[in-house]
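What follows is a single structure, written as structure tokens, with notes after it.
By convention here, the first residue in the shown sequence is residue 1.
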Amino acid sequence: MAAQLPLPPPPPDPQFVLRGTQSAVHALHFWEGAQGQGHPLLLSGSLSGLVHIWSLQTRRAVVTLDGHGGQCVTWLQTLPQGHQLLSQGRDLRLCLWDLAEGRNTVVDSVHLESMGFCRGSILAGGQQHWTLAVPGRGSDEVQILEMPSKTSVCTLKLEADAKPGMPMCLELWQADSSPRPLLLAGYEDGSVALWDISERKVCSHIACHTEPIIGLDFDSQKARGVSGSAEKALAVWSLDEQQALQVCSTHKLTNPGISDVKIRPDRKILATAGWDHRVRVFHWRTMKPLAVLAFHSAAVHCVAFAANGLLAAGSRDQRISVWSLYPRR
């Protein structure tokens, strides 16, 4: 009788699971600088329009915010200065919340022109100012605003013959060597463009996927990014010193559909949120598959990393799984 090969070790279980959103989870964000907290809080945005703020110590929601009229919350981001939160909803509103000293009030909002699922992006400037990128009025436009004044900086639109479709994901960033704000945009036709916002010009535009890009992340230190789409492949691409994008490699997946992709802050691993109910973890430098986390019973919509390396995943099954994998040294 042939000797049986040893089975690979089973993937780990989540460290814990958060329940109680009562609808699908579409957005996650770790809030590192919460007042009086020696540990991050986790923010989740749900299909029902609610934002829950979770204590990872008690594993319960400590605050529930209701600012989107029952419409899906698609993006959450805390501002580096003060205790302020941005939440984006399908009600065409981007809300700015004041969460200092127990408050939970909307102090300002931006009316959005686009109904799509494209999440916004911010780049913190001086003490009080920051840049915001959101989908624009035209279906293929990105609008850049100076905040908190809501002054329109510019509208970015590729040439008419490019036909990229809608922007699907946005990532504002700055190179260490230059203060100029740059924008990476993933489009409906599967392409990625790099914009120089100061010059209002596209520096580079490449095809990465054959389906709409749904999630991307960028490692500015290595000048290397990764994107996922409706197809069954991840694309890894890089940026050279002339600001030209090029596809480095593609990585086949077992099943199609990536809703979100995030690189851990220490740039050692990355995680993807899959339509196939799985979270997949890869080594960022080599793209070697490290783990398949099979806990959820429906599509995983979003993933987020904390500075301490914790990974959270939110799903259509109304649960948030929290994982401790490959601890940071």
Side-chain angles (χ1 to χ4, degrees), residues 118-126 130-136 138 140-146 152-229 231 233-251 258 261-270 272 282-287:
C118 181
R119 298 163 176 161
S121 179
I122 64 162
L123 182 66
W130 37 286
T131 304
L132 172 68
V134 289
D140 54 355
E141 293 176 352
V142 179
Q143 187 178 18
I144 306 294
L145 299 172
E146 190 64 45
S152 178
V153 176
C154 60
T155 298
L156 305 176
K157 178 184 168 79
L158 288 163
E159 295 81 17
D161 59 350
K163 295 190 173 64
M166 292 188 294
M168 302 294 290
C169 39
L170 305 171
E171 180 82 21
L172 281 167
W173 63 287
Q174 247 168 340
D176 293 338
S177 57
S178 165
R180 299 165 81 88
L182 301 167
L183 174 75
L184 284 159
Y187 288 93
E188 194 177 6
D189 69 348
S191 65
V192 173
L194 175 71
W195 291 92
D196 182 321
I197 289 169
S198 310
E199 298 277 337
R200 278 66 161 165
K201 69 166 191 182
V202 66
C203 306
S204 184
H205 182 210
I206 57 163
C208 293
H209 300 270
T210 58
E211 296 279 347
I213 295 180
I214 307 173
L216 66 77
D217 202 2
F218 185 68
D219 176 349
S220 59
Q221 290 198 4
K222 294 190 174 82
R224 199 166 148 236
V226 59
S227 51
S229 76
E231 67 191 359
L234 289 173
V236 175
W237 31 270
S238 65
L239 189 60
D240 67 18
E241 289 172 0
Q242 282 70 50
Q243 294 191 326
L245 291 164
Q246 56 199 33
V247 176
C248 305
S249 56
T250 56
H251 300 270
I258 293 295
V261 54
K262 288 286 190 305
I263 302 166
R264 196 165 74 177
D266 66 355
R267 299 179 302 283
K268 294 285 192 288
I269 63 174
L270 71 99
T272 63
F282 298 84
H283 187 282
W284 173 220
R285 185 172 56 81
T286 64
M287 287 303 291

Review point. Where do T155 and E141 land on the side-chain hydrogen bond (donor to acceptor under 3.5 Å, both in side chains) test, with the steps shown first?
Key: CA-CA 6 Å; T155 298; E141 293 176 352; 5.0 Å; no

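- With respect to the salt-bridge test (charged N to carboxylate O, under 4.0 angstrom), the residues K262 and D217 do not qualify.
- More than 12 heavy atoms of other residues, nucleotides or ligands shown are found within 6.0 angstrom of CD on E199.
- Distance check: S220 OG to L184 CG gives 10.0 Å after rounding to the nearest 0.5 Å.
- Residues P179 and Q174 meet the side-chain proximity criterion, which asks for heavy atoms closer than 4.5 Å.
- Formation of a donor-acceptor pair under 3.5 Å by the S204 side chain with backbone atoms of L245 is found in this model.
- Here E171 contributes atom CD and L182 contributes atom CG; the two are 11.5 Å apart, rounded to the nearest 0.5 Å.
- A donor-acceptor pair under 3.5 Å is formed between the side chain of S121 and the backbone N or O of L172.
- Between C208 and V247, the closest heavy-atom pair is SG-CG2, 4.0 Å.
- Residue L239 holds its CG atom at 5.5 Å from CG of L194, rounded to the nearest 0.5 Å.
- L234 is listed as a side-chain neighbour of T272, based on a closest heavy-atom distance under 4.5 Å.
- Side chains of V192 and I213 form a contact here, defined as non-hydrogen atoms less than 4.5 Å apart.
- Residues E146 and T131 meet the side-chain proximity criterion, which asks for heavy atoms closer than 4.5 Å.
- Classification of D266 and K268 as a salt-bridged pair fails, no side-chain N sitting under 4.0 Å from a carboxylate O.
- Panel note: side chain D219, backbone A223; no donor-acceptor pair is recorded below 3.5 Å.
- The shortest side-chain heavy-atom distance between V226 and W284 falls under the 4.5 Å cut-off.
- To the nearest 0.5 Å, atoms CG (L123) and CD1 (I144) are separated by 10.0 Å.
- Using a 4.5 Å cut-off on side-chain heavy atoms (C-beta onward), L270 and V261 make contact.
- The shortest distance between side-chain heavy atoms of H209 and D189 does not fall below 4.5 Å.
- Every residue was checked against the salt bridge (charged side-chain N to carboxylate O under 4.0 Å, His left out) condition with R224, not counting sequence neighbours, and none meets it.
- The backbone N or O of G165 lies less than 3.5 Å from no partner atom in the side chain of E188, so there is not a single donor-acceptor pair.
- Surrounding CZ of R285 are at most 12 heavy atoms belonging to other residues, nucleotides or ligands under 6.0 Å away.
- Here the closest heavy-atom approach between residue L145 and residue S152 is recorded as CD2-CA, 3.7 Å.
- Looking at every heavy atom in both residues, L216 comes nearest to A185 through CD2-C, 4.3 Å.
- Electrostatic pairing of D196 and R180 counts as a salt bridge here, judged by a charged N lying under 4.0 Å from a carboxylate O.
- Counting non-hydrogen atoms of other residues, nucleotides and ligands closer than 6.0 Å to NZ of K163 gives a total of 12 or fewer.
- Between L183 and A133, the closest heavy-atom pair is CD1-CB, 4.0 Å.
- For the atom pair L158 CG and S191 OG, the distance stands at 7.0 Å (nearest 0.5 Å).
- Here the straight-line distance linking atom CE of M168 with atom SG of C118 works out to 7.5 Å at 0.5 Å rounding.
- Ring geometry for W237 versus F218: interplanar angle under 30°, hence parallel rather than tilted (30 to 60°).
- The closest side-chain heavy-atom distance from L156 to Q143 is not below 4.5 Å.
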